[in-house]
Amino acid sequence: MEILDGKKVSNDIKDEIAVEVTKMKANGEKVPHLAAVLVGDNGASLTYVNSKVKSCEKIGFDSTLVKLPDTISEEDLLKEIDALNNNEDIDGFIVQLPLPKHIDEENVLLAVHPDKDVDGFHPTNFGRMALEMPSFIPATPFGIMELLKRYEIETSGKNTVVIGRSHIVGRPISILMSQKGAAGDSTVTLTHSRTKDLENICKSADIIVSALGVPNFVKAPMVKDGAVIIDVGITRVKDETAKRGYRIVGDVDYDNVAPKCSYITPVPGGVGPMTIAMLLKNTLLSRERRKNA
Ligand code: BQF
């Protein structure tokens, strides 16, 4: 069993991006500038946004954090987004999810200009991704693809079972892994809450991507010997012994599943850090596209 070390690979990617930033500076070019919009002060969201801003600083990107009160109206939030769309200094921006209940997430994601949509959540980018046109690929599925590539995991002709059909992970990774090319050419089954006999479907999988958010959902009897396990779950569970009073756990019963696997992503330190690295990669891409536009 080999661990897919997302922490290490994400640091490699950040180092590679930092080299590009250094070159940009040496050439007197503008460096990539990422903005993040945070509405309210949900604990997890604050942690995610702060780690994105910190990563920007580490690799030499400019960053802007737009903090808005959770009482903001949808109309005013859309104005803030329009300001970022029209701010030539900003290469890309994200709106940290989830948003307060009184704001329609779909309206907000539609308002982000596709050329600055480094999260890849706008329908234009989703459509372009599905059609294999240049686009921004959502950071988590992009990170999974990159992890599979860098560990040279064979996906061609393999049976991949994706658990969960979210717009951000399950659906896009099922599309990407079925496409031609590196980390693709897989025969993908997308499963969800209405799927019958999930246990047997999983047992036939060479690769399982679990993006459900239910701790210990994927158990040893569901996993074939030698399977590759990608655990996208990140559920916070109370843990008095942990520094912050909680720890994050994946979807996979790691202790019992890991010994059966050829490769497995740990939680934490697997897919999560890759998500951050690929957001930065998308921001670099955006800067390059804008420069050449
Ligand atoms: C790790 C996210 C659900 C909803 C909104 C490293 C992250 C997580 C875990 C992280 C996530 C999840 C992010 C680890 C960003 C991934 O070491 O395992 C990093 O920061 N993520 C987000 O911005 O919004 C979310 C999950």
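Ligands are counted one by one from 1 in listed order, and the atoms in each one are counted from 1 as well.
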For a quick test of your reading: what N or O donor-acceptor pairs under 3.5 Å do the side chains of residues 105-113 make, sequence neighbours left out?
residue : atom : partner : partner atom : Å
E105    : OE2  : L99     : N            : 3.3
N107    : ND2  : E74     : OE2          : 2.7
H113    : ND1  : D115    : N            : 2.9

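Ranked by closest heavy atom to atom 19 (C) of ligand 1, the top entry among G272, A44, G270 is G272.
Among the atoms of Y48, none of the N or O lies under 3.5 angstrom from an N or O of ligand 1. Ligand 1 has a nitrogen or oxygen under 3.5 angstrom from a nitrogen or oxygen of K52.
With a 4.0 Å heavy-atom cut-off, ligand 1 is reached by no atom of V49. With a 4.0 Å cut-off on non-hydrogen atoms, I248 touches ligand 1 through its side chain and not its backbone.
A 4.5 Å side-chain heavy-atom check between H33 and T283 finds every atom pair outside the cut-off. Within the 4.5 Å cutoff, the side chain of I163 has heavy atoms near those of the I208 side chain. Between K116 and F136 the shortest side-chain heavy-atom distance does not fall below 4.5 Å.
Closest protein heavy atom to atom 5 (C) of ligand 1: L97 O, 3.8 Å. Here the heavy atom of the protein found nearest to atom 17 (O) of ligand 1 is G269 N, 3.0 Å. In terms of protein heavy-atom proximity, atom 24 (O) of ligand 1 is closest to Q96 NE2, 3.0 Å.
Salt bridge K30/D91: present, at least one basic N to carboxylate O contact under 4.0 Å. Between K158 and D206 no salt bridge is recorded (no basic side-chain N to carboxylate O distance below 4.0 Å).
Note on ligand 1: I234 sits in its first shell, one or more heavy atoms being nearer than 4.0 Å. Residue contact check for ligand 1: K7 places no non-hydrogen atom closer than 4.0 Å to it.
The atoms of ligand 1 that sit less than 4.0 Å from any heavy atom of P268 are 1 (C), 17 (O), 18 (O).
There is no side-chain donor-acceptor pair under 3.5 Å between S186 and T155.
No donor-acceptor pair closer than 3.5 Å links the side chain of D251 to the backbone N or O of N216.
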